[in-house]
Amino acid sequence: MTINGLKDGEQGVITRLGVDEQLRDRFFSFGISKAKHIKKLETSLGGSTILVELDRSCIILRADEASAIEVEKV
């Protein structure tokens with residue numbers, strides 16, 4: 001399942017990042033990496049962006065970026 005598959009308010013553990021090296025580096029700069037707990041806070045009205053919480057920080061991801069982050073629901 002990806003972050004997109006979580007409902008608002010649900011949490012998961014990141015199991016895989018299915019992205020290229022450039023986007024992986026960007027994710028790492030935000031603290032997004034395998035085995036991290038992530039919480040989906042809110043999805044925009046059109047579904048184009050997703051607000052997530054990770055290590056007490058809030059990050060807004062594009063829907064296509066979020067679809068590349070695989071999680072296991074907690």
Side-chain angles (χ1 to χ4, degrees):
M1 156 187 315
T2 66
I3 291 177
N4 295 353
L6 295 174
K7 295 178 183 173
D8 291 353
E10 289 185 331
Q11 297 184 47
V13 176
I14 299 172
T15 58
R16 182 175 174 276
L17 299 175
V19 296
D20 62 24
E21 187 176 336
Q22 183 179 9
L23 188 52
R24 184 177 15 258
D25 289 344
R26 182 169 172 258
F27 281 168
F28 286 164
S29 73
F30 291 141
I32 299 172
S33 62
K34 281 178 69 172
K36 292 271 188 142
H37 286 263
I38 194 165
K39 181 177 183 179
K40 182 177 180 182
L41 297 177
E42 190 174 342
T43 305
S44 66
L45 189 58
S48 61
T49 58
I50 296 171
L51 176 65
V52 297
E53 180 181 8
L54 180 80
D55 293 337
R56 298 157 101 191
S57 296
C58 291
I59 303 166
I60 296 176
L61 300 171
R62 295 180 193 106
D64 61 329
E65 294 171 340
S67 68
I69 302 173
E70 293 183 18
V71 297
E72 183 177 304
K73 191 175 169 181
V74 176

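Heavy atoms only: backbone and side chains are in, while hydrogens, waters and symmetry mates are out.
Annotation for I60: hydrophobic cluster partners, listed by chain and number, are L41, L51 (ILVMFWY side-chain heavy atoms under 4.5 Å, direct or chained).
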Derivation of the side chain to side chain contact (heavy atoms under 4.5 Å, CB included) call for F27 and I59:
CA-CA 10 Å; F27 281 168; I59 303 166; over 6 Å; no
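At a threshold of 4.5 Å between side-chain heavy atoms, the hydrophobic network of Ile, Leu, Val, Met, Phe, Trp and Tyr places M1 and L17 in one connected group. The hydrophobic clustering, which links ILVMFWY residues whose side-chain heavy atoms are closer than 4.5 Å, places I38 and F28 together.
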Less than 3.5 Å apart, which donor and acceptor atoms pair up between the side chains of residues 2-15 and the rest of the protein, not counting sequence neighbours?
| unit_1 | atom_1 | unit_2 | atom_2 | d |
| --- | --- | --- | --- | --- |
| T2 | OG1 | N4 | N | 3.4 |
| N4 | ND2 | A63 | O | 3.3 |
| D8 | OD1 | T43 | N | 3.4 |
| D8 | OD1 | T43 | OG1 | 3.0 |
| D8 | OD2 | T43 | N | 3.4 |
| E10 | OE1 | K7 | N | 2.8 |
| E10 | OE2 | K73 | NZ | 2.9 |
| T15 | OG1 | E70 | O | 3.3 |

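Looking only at side-chain heavy atoms (C-beta outward), I32 and L61 come within less than 4.5 Å of each other.
Taken to the nearest 0.5 Å, the CZ atom of R62 stands 12.0 Å off from the OG atom of S67. A distance of 11.5 Å separates CZ in R16 from CD1 in I69, rounded to the nearest 0.5 Å.
A pairwise comparison of heavy atoms in S29 and R26 identifies OG-O, 2.6 Å as the closest pair.
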